[in-house]
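The structure under discussion appears below in the form of structure tokens.
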Amino acid sequence: MASFFRARRVGVTAASLAVAVGGSYVALRDPYVSSNDRNGSGTALEAVRRKITDPVAVIPSRTLQESSLIAANSSNPLDILVVGGGATGCGVALDAVTRGLRVGLVERDDFSSGTSSRSTKLIHGGVRYLEKAVFNLDYGQLKLVFHALEERKQVIDNAPHLCHALPCMTPCFSWFEALYYWVGLKMYDLVAGRRLLHLSRYYSAQESAELFPTLARKGKDRSLKGTVVYYDGQMNDSRVNVGLACTAALAGASVLNHAEVVNLIKEDGGDRIIGARIRDNLSGTEFETYAKVIVNAGGPFCDSVRKLADKDAKPMICPSSGVHIVLPDYYSPEGMGLIVPKTKDGRVVFMLPWLGRTVAGTTDSNTSITMLPEPHEDEIEFILDAICDYLNVKVRRADVLSAWSGIRPLATDPNAKNTESISRDHVVCEDFPGLVTITGGKWTTYRSMAEDAVDAAIKSGNLNPKNTSLTSNIRLVGGEGWDPAFFTVLAQEYVRMKVAHNGKIVPGVMDTAAAKHLSHSYGTMAEKVASIAQKENLGKRLAHGYPYLEAEVAYCARNEYCESAVDFIARRSRLAFLDTDAAGRALPRVIQILADEHRWDKKRQKEEFQTATRFLQSFKSSKNAQFYDGKHI
């Protein structure tokens, strides 16, 4: 089996060592090399950018994308067929198509329907990996941190409307802790070098209480001495993922969600895989698509794809469960997260402001692989217990608005005793001719993982790309030309036309909350959403207390391959993750609009409601959870 771990080389030279004596940091980085410099010409990059940012460009319809895949026959195959529409899979499609290759992608559910939408929402280098690197003298872990910090800044730059820097506060209850975390996080700044977001700093107990009012200053035989605040990135994960898919489609890739690989096709008289039989899960029809190389980016399910090639294939995945809960906004201040480095069992727990609510987590335990993982009540209680020790607000189970579980596809190390000690590095392998598998890694490094997978596919299929990877300089759809003040354009130039209960059309103001939400969700494409709200009378909010508009459902159906109610409430909007009860209340109207867009009959609408209701029941909010908890009431 020709498998290998990939980690970016980190060179340290005298010329790249910059020392700032005035008390900030030491930059330990190689000079950044742009893709223009690597390619010797910006022609290919500019051509791709024009395709993506063309104001009259329209994302090809799902029907057209399926036709393109069907047209890829044995005499005219694709260069690469990607299996899996998560962050890595869509990243592979974007990387490959921008190198001038013919690319297809299929995803059996929806883009980001698995692990990629159930992440921590952090774009991070890995503080605890740095700690392990230092104490274990592990250069491999250090390389991971170097590389992840480089990619962290890259992700934020490539999707500025969906990603931002977030300060994270680490409480210190002894002067030793204060010194330990201050030194450790200064090292984190050091390793980031010129990719630093902001410098970390120490705050006194009084200053910390002002920045994070719900932080407890006194606890069980301890008192707060101060805090150290450092910076990592935060994102709207599924919208970045959908943005990757749509950007790849605009660049020329044939991407198809709700399309499942049911079998792999091998060449006559040989072992090389040359295509796949695919079932459209919406229509039930099956078709064949041929490709010179297939890239398996199935995440936790990549072993099931490998077993289509060889039913005796040995598993590569060690699945780990990560549970998160969402609490009301008053648990954490806007713009400041809380990181607890050591819990009762040694894990890291955090509380982060996210889309107007507070997300808390996480767990890290062995699990089985399933399409719809559910959090266990004891895992929810573990998170509540952990944050309870650090807050002066009463922590109640009834405050849990949503709770979900995600499966991390960790690459196995036979010597590892538990999932926490397994390296988060990624693995690229070709253990069956024509089938390249990419697995492991994390959200932060999806772009470089995709680059490595495409490099391996080019070698496997002897492909002829027109240029090297361009994705380090390509912004996702909606990102080019966007700036944080863009919401003011929406607020000043658009109104929300709404249909009142009596059927009368009434104008409503495009308030700041709605304008900011549209700007940060769709970037420069937000004007198209606002135009629908104004011209098609779809300006009403879908759920009380949330900025999501009816117009977004129509826009996503037309421009983002939103094919089901769950696609919208979970991945195009984040209502299911923020508040499952609010998502349930919005569901009938979401289905009604999608029915108009996709011409669903009554039977399909009923099926959509039932499917979405079952989906929401897997998110253990206070309403749908069955629990008996004497502590958090």
Closest contact, heavy atoms only, [X] versus [Y]:
X: Val103; Y: Ala93; answer: CG1-CA, 3.9 Å
X: Ala453; Y: Val92; answer: CB-CG2, 3.9 Å
X: Ser618; Y: Glu374; answer: CB-CG, 3.6 Å
X: Ser405; Y: Pro373; answer: O-CG, 3.3 Å
X: Ala276; Y: Leu81; answer: CB-CD2, 4.0 Å
X: Ala309; Y: Ile273; answer: CB-CD1, 3.6 Å

Not counting sequence neighbours, which residues clear side chain to side chain contact (heavy atoms under 4.5 Å, CB included) with Ser254? List them please. Gln65, Ser68, Leu69
Any residue meeting side chain to side chain contact (heavy atoms under 4.5 Å, CB included) with Ala251, in chain and number order, not counting sequence neighbours: Val97, Thr98
Evaluate the side-chain proximity of [Y] to [X]: yes if any heavy-atom separation is below 4.5 Å, no if none is.
X: Phe301; Y: Ile369; answer: yes
X: Tyr561; Y: Asp567; answer: no
X: Glu260; Y: Val106; answer: no
X: Ile156; Y: Leu197; answer: yes
X: Arg272; Y: Val293; answer: yes
X: Tyr555; Y: Ser531; answer: no
X: His517; Y: Glu552; answer: yes
X: Asp237; Y: Ser112; answer: no

Can you tell me if [X] uses its side chain to pair, donor with acceptor, with the backbone of [Y] under 3.5 Å?
X: Asp303; Y: Pro315; value: no
X: Arg49; Y: Ile474; value: no
X: Lys153; Y: Ala192; value: no
X: Arg108; Y: Val83; value: no
X: Thr362; Y: His324; value: no
X: Thr367; Y: Pro319; value: no
X: Asn158; Y: Thr471; value: yes
X: Ser238; Y: Arg571; value: yes
X: Asn241; Y: Ser116; value: no
X: Arg239; Y: Leu162; value: no

Do we see a donor-acceptor contact under 3.5 Å between the side chains of [X] and [Y]?
X: Thr285; Y: Asp280; result: no
X: Thr53; Y: Glu480; result: no
X: Ser61; Y: Thr63; result: no
X: Glu608; Y: His598; result: no
X: Asn76; Y: Arg102; result: yes
X: His520; Y: Asn236; result: no
X: Ser320; Y: Arg408; result: yes
X: Glu288; Y: Tyr290; result: yes

Supply the atom-to-atom distance [X] [atom1] to [Y] [atom2], rounded to the nearest 0.5 angstrom.
X: Thr437; Y: Asp431; atom1: OG1; atom2: CG; answer: 5.5 Å
X: Cys246; Y: Leu476; atom1: SG; atom2: CG; answer: 9.5 Å
X: Lys442; Y: Ser119; atom1: NZ; atom2: OG; answer: 12.0 Å
X: Tyr446; Y: Glu451; atom1: OH; atom2: CD; answer: 11.5 Å
X: Trp354; Y: Thr120; atom1: CH2; atom2: OG1; answer: 11.0 Å

Taking the six-membered ring of Phe568, is NZ or CZ of Arg572 closer than 6.0 Å to its centre and within 45° of its axis? no
Plane angle bin for His161 and Trp482 - parallel if under 30°, tilted between 30 and 60°, otherwise perpendicular: tilted
If you measure from the Lys or Arg side-chain nitrogens to the Asp or Glu carboxylate oxygens, is any gap between Lys459 and Asp455 under 4.0 Å? no
May I ask you to decide whether Glu151 forms a salt bridge with Arg447, counting only side-chain N to carboxylate O separations under 4.0 Å? yes
Evaluate side chain to side chain contact (heavy atoms under 4.5 Å, CB included) for Phe615 paired with Leu372, printing each intermediate quantity in order. CA-CA 8 Å; Phe615 176 84; Leu372 202 60; 3.7 Å; yes
Give a yes or no on this: more than 12 heavy atoms of other residues, nucleotides or ligands lie within 6.0 Å of atom NZ of Lys51. no
Is Asp271 atom CG crowded by more than 12 heavy atoms from other residues, nucleotides or ligands, each under 6.0 Å away? no
Under the side chain to side chain contact (heavy atoms under 4.5 Å, CB included) test against Leu94, which residue among Val48, Val454, Leu250, Leu244 passes? Leu244
Give every residue pair that meets the side chain to side chain donor-acceptor pair (under 3.5 Å) criterion with at least one member in residues 78-93, sequence neighbours excluded. Asp79-Lys292
Could you please spell out the steps behind the side chain to side chain contact (heavy atoms under 4.5 Å, CB included) verdict for Asp452 and Met449? CA-CA 5 Å; Asp452 288 346; Met449 289 170 61; 5.8 Å; no
Only one of His164, Lys121, His124 forms a side-chain hydrogen bond (donor to acceptor under 3.5 Å, both in side chains) with Gln234, so which one is it? His164
Run the numbers on His147 and Ser448 for side chain to side chain donor-acceptor pair (under 3.5 Å), then give the verdict. CA-CA 9 Å; His147 176 46; Ser448 61; 2.6 Å; yes
Run the side chain to side chain contact (heavy atoms under 4.5 Å, CB included) test on Ser117 and Phe577 for me, step by step, so that the C-alpha distance in whole Å, both residues' side-chain angles and the decisive distance to 0.1 Å come before the verdict. CA-CA 9 Å; Ser117 64; Phe577 285 81; 3.9 Å; yes
Ser74 and Ile274: CA distance, side-chain angles, deciding distance, side chain to side chain contact (heavy atoms under 4.5 Å, CB included) verdict: CA-CA 8 Å; Ser74 56; Ile274 57 171; 5.7 Å; no
Report the C-alpha separation of Asp54 and Arg50 in whole Å, then their side-chain angles, then the decisive distance to 0.1 Å, and conclude whether the salt bridge (Lys or Arg N to Asp or Glu O under 4.0 Å) test is met. CA-CA 6 Å; Asp54 185 350; Arg50 282 195 298 273; over 6 Å; no
